[in-house]
Q: 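Below is a structure I'd like to ask you about.
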Amino acid sequence: MVESLRCWFAEDLDRLPDAPRHTELIDGALVFVMSPQRWWHGHLVTMLTVALMEQAPGDVRVGRDMTVRLDERNRPEPDLLVTTADYDGDRTWFAPDEVRLVIEVVSPESAHRDRTVKLRKYAEAGIPHYWCIEDESGAPVVHVYELDEPTGAYAPAGIFRGTLKHRDPTRENRGLKYVIVPAHRTLIDQ
């Protein structure tokens, strides 16, 4: 659900104590996630969080339930992100230059935002990597995008079913990672 009676600013999200969890700001409008989350979505996000945390090098951290302040009118909340920022327990958002990878797990209510709006906004903010994960008959399909710096847009880098073999976005060209995404679990192997 999108609240559109007023134009909001990024800092307003920190002053809305009664806002529902996962409230985002897109183009100055508050976006509330009102539909219940599917188990598939939650399970996949949890498995990816654990796998990424186990494999992340020491100079990056994995975050969830955090927004990215793209500009004064946009503060989306990806399902997962990989950041170079140091841990700060009072932090409520990350700047785009602190984020290496954003991951969105598509749900019916977020499909348009995840596939088009956020894809464009994360690229325009300069975040180098974007993964958009779709549900294909219960199995995750990972759409991988890399930032094309000359155009400031994402270029498709692959669509992966079963096994994702791609350059590791957490290590800036330092080796490959293998992400295995079977229907019921997600593992990352070196």
Side-chain angles (χ1 to χ4, degrees), residues 10-11 13-14 21-22 24-25 41-72 74-106 110 114 118-134 140-160 162-182 185-190:
E11 63 269 10
L13 282 184
D14 293 325
R21 286 187 68 212
H22 309 295
E24 300 180 285
L25 182 69
H41 182 280
H43 182 70
L44 184 61
V45 170
T46 298
M47 296 300 289
L48 279 167
T49 303
V50 170
L52 286 168
M53 289 177 83
E54 288 174 350
Q55 297 297 320
D59 59 341
V60 299
R61 276 138 301 286
V62 178
R64 65 188 284 184
D65 300 332
M66 294 287 293
T67 59
V68 181
R69 188 184 189 282
L70 303 179
D71 58 42
E72 66 180 15
N74 289 283
R75 210 167 128 187
E77 181 182 311
D79 288 307
L80 283 171
L81 57 80
V82 175
T83 181
T84 57
D86 290 329
Y87 176 77
D88 175 353
D90 293 325
R91 175 174 223 144
T92 60
W93 55 270
F94 294 102
D97 64 351
E98 298 173 310
V99 179
R100 300 280 313 134
L101 165 68
V102 289
I103 301 172
E104 294 287 0
V105 177
V106 175
S110 72
D114 293 345
K118 290 183 176 183
L119 177 81
R120 180 178 46 81
K121 290 189 174 295
Y122 291 140
E124 289 171 350
I127 296 172
H129 302 275
Y130 181 67
W131 293 0
C132 189
I133 305 176
E134 303 272 352
V141 176
V142 184
H143 298 256
V144 174
Y145 299 89
E146 289 183 6
L147 185 64
D148 178 49
E149 291 185 21
T151 65
Y154 284 126
I159 300 172
F160 300 89
T163 300
L164 187 157
K165 180 180 177 184
H166 191 65
R167 184 169 55 88
D168 178 4
T170 66
R171 298 177 190 228
E172 297 188 64
N173 293 322
R174 290 178 276 166
L176 290 176
K177 282 276 197 174
Y178 300 89
V179 181
I180 300 155
V181 235
R185 58 187 200 144
T186 301
L187 302 171
I188 299 179
D189 298 321
Q190 294 201 62

Q: Any idea which heavy atoms bring Ala125 and Pro96 closest together, and the distance?
A: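 What the structure gives for the nearest pair is O-CB, 3.5 Å.
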Q: Leu80 pairs by side chain to side chain contact (heavy atoms under 4.5 Å, CB included) with which of Val45, Ile133, Leu44?
A: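 Passing option: Val45.
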Q: Starting from the C-alpha separation in whole Å, work towards a yes-or-no answer on side chain to side chain contact (heavy atoms under 4.5 Å, CB included) for Ile103 and Leu52.
A: CA-CA 11 Å; Ile103 301 172; Leu52 286 168; 3.7 Å; yes
Q: Specify the closest pair of heavy atoms between Pro78 and Glu104, including all atoms of both residues, with the distance to one decimal.
A: CA-OE2, 3.0 Å
Q: Tell me, do Glu149 and Leu147 make a side-chain contact under 4.5 Å, heavy atoms counted?
A: yes
Q: Taking Cys132 as the fixed residue, which of Val102, Val144, Val106, Leu119 is the one that meets the side chain to side chain contact (heavy atoms under 4.5 Å, CB included) rule?
A: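 Exactly one option meets the side chain to side chain contact (heavy atoms under 4.5 Å, CB included) with Cys132, and it is Val106.
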Q: Where is the tightest heavy-atom contact between Glu77 and Lys118, given as atom of each residue plus distance?
A: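 Smallest heavy-atom distance, with atoms named: O-NZ, 3.6 Å.
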Q: Which atom pair, heavy atoms only, marks the closest approach of Ala56 to Val60?
A: CB-CG2, 3.8 Å
Q: Can you see which heavy atom on Arg91 is nearest to which on Ala85, and at what distance?
A: NH1-CB, 3.2 Å
Q: Just by modelled atom types, is the Trp93 backbone N or O under 3.5 Å from a matching donor or acceptor in the Thr67 side chain?
A: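 Flag not set: sc Thr67 to bb Trp93 has no pair under 3.5 Å.
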Q: Do NZ/NE/NH1/NH2 and the carboxylate oxygens of Arg75 and Glu11 come within less than 4.0 Å?
A: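 Salt bridge absent between Arg75 and Glu11.
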Q: Would you say the side chain of Tyr145 lies within less than 4.5 Å of the side chain of Ile127, judging by non-hydrogen atoms?
A: no
Q: Rounded to the nearest 0.5 Å, how far apart are OG of Ser110 and CD of Glu24?
A: 8.5 Å
Q: I want to check something: taking the side chain as every heavy atom from C-beta on, are Glu98 and Val68 in contact at a cut-off of under 4.5 Å?
A: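 Of all side-chain heavy-atom pairs linking Val68 with Glu98, none is under 4.5 Å.
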Q: Can you sort out the partners of Glu72 under salt bridge (Lys or Arg N to Asp or Glu O under 4.0 Å), two or more places apart, ordered by chain and number?
A: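 Expected list: none.
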Q: One pair to check against side chain to side chain contact (heavy atoms under 4.5 Å, CB included): His129 and Glu146. What are the steps and the verdict?
A: CA-CA 5 Å; His129 302 275; Glu146 289 183 6; 3.8 Å; yes
Q: Roughly how far apart are Asp114 CG and Tyr122 OH, rounded to 0.5 Å?
A: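 Going from the CG atom of Asp114 to the OH atom of Tyr122 covers 7.5 Å.
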Q: I'd like to check Arg61 versus Asp86 (side-chain heavy atoms, cut-off strictly below 4.5 Å). Are they in contact?
A: yes
Q: Backbone N or O of Glu134 within a donor-acceptor pair of the His143 side chain at under 3.5 Å?
A: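 Side chain of His143 to backbone of Glu134, a donor-acceptor pair under 3.5 Å: no, none is there.
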Q: Could you grab the distance from atom CG of Leu70 to atom NZ of Lys121, nearest 0.5 Å is fine?
A: 7.5 Å
Q: Which class fits the ring pair Tyr154 and Tyr130: parallel under 30°, tilted 30 to 60°, perpendicular over 60°?
A: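 The rings of Tyr154 and Tyr130 lie parallel, inter-plane angle below 30°.
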Q: Side chains of Asp79 and Leu48: does their closest heavy-atom pair fall under 4.5 Å?
A: no
